[in-house]
Amino acid sequence: MYLSTRHSYLGILGLLLSIAPFWVQAQQVLPVAVPTTTDSLLARAVTTPSGLRYLIRQPGSGPAARAGEKVTVHYTGFLMDGHIFDASVKQGGPLKVRAGRGEVVPGWDEVLLLLPQGSRARVWVPAALGYGPEGRPDPDNEERYLIPPNADLVFELEVLKIK
């Protein structure tokens, strides 16, 4: 009995060690610290006149986008309770949008014009600059929401390319 149990443990240990590099890589894709309502970074954030808040966590060395330019961005979107509601990695790759043209929620349109290429930032989008009182209904269940009405949102963004 002892020998077979020991072999089982060694087999499980071997399996865990063999997948460890993939697990570590997956952990690097999404932010490790889930934003909460007591987010310590919020105190250092810049607040724009519209109420949008952002903190550049890694400054970019490229230009900032101008209205109409195409911006390629990786993102993870959180509700204020830390629940991830969307991520570009989950969608299969970075999002490509024209900045300042209404292709995304107003908070994104605003912040994409403020972040230089290569920047990584945490962005707090008030409900009025997000999905507002309508929220974002779940397309598979009309009685549920992916984003509840009047929900403030938090995003981790990485501006990959501007052209």
Engineer: Do Thr76 and Phe155 make a side-chain contact, defined as non-hydrogen atoms from C-beta onward lying under 4.5 Å apart?
Structural biologist: no

Engineer: Between Asn150 and Tyr131, do the side chains contain an N or O donor and an N or O acceptor separated by less than 3.5 Å?
Structural biologist: no

Engineer: In Å and rounded to the nearest 0.5 Å, what is the CZ to CD distance from Arg122 to Glu156?
Structural biologist: 4.0 Å

Engineer: Nearest 0.5 Å, please: how far is CG in Asp152 from CZ in Arg53?
Structural biologist: 9.0 Å

Engineer: Rounded to the nearest 0.5 Å, what separates atom CD1 in Ile56 from atom CD in Gln58?
Structural biologist: 10.5 Å

Engineer: With sequence neighbours excluded, tell me which residues meet side chain to side chain contact (heavy atoms under 4.5 Å, CB included) with Thr72.
Structural biologist: Pro94, Lys96, Leu160, Lys161

Engineer: Between Leu146, Ile84, Ile147, which is the residue that forms a side chain to side chain contact (heavy atoms under 4.5 Å, CB included) with Leu79?
Structural biologist: Ile147

Engineer: Please give me the minimum heavy-atom distance between His74 and Ser88, naming the atom from each residue.
Structural biologist: ND1-OG, 2.7 Å

Engineer: For residues Val71 and Ala99, report the shortest heavy-atom separation together with the two atoms involved.
Structural biologist: CG2-CB, 3.9 Å

Engineer: From Glu110 CD over to Thr48 OG1, what is the distance, rounded to the nearest 0.5 angstrom?
Structural biologist: 3.5 Å

Engineer: Does the side chain of Asp138 reach to within under 4.5 Å of the side chain of Tyr145, using non-hydrogen atoms?
Structural biologist: no

Engineer: Report yes if some heavy atom in the side chain of Leu115 is under 4.5 Å from a heavy atom in the side chain of Leu157; otherwise report no.
Structural biologist: yes

Engineer: Give a yes or no on this: more than 12 heavy atoms of other residues, nucleotides or ligands lie within 6.0 Å of atom CD of Glu142.
Structural biologist: no

Engineer: Tell me, please, which residues at least two apart from Arg44 pass salt bridge (charged side-chain N to carboxylate O under 4.0 Å, His left out).
Structural biologist: none

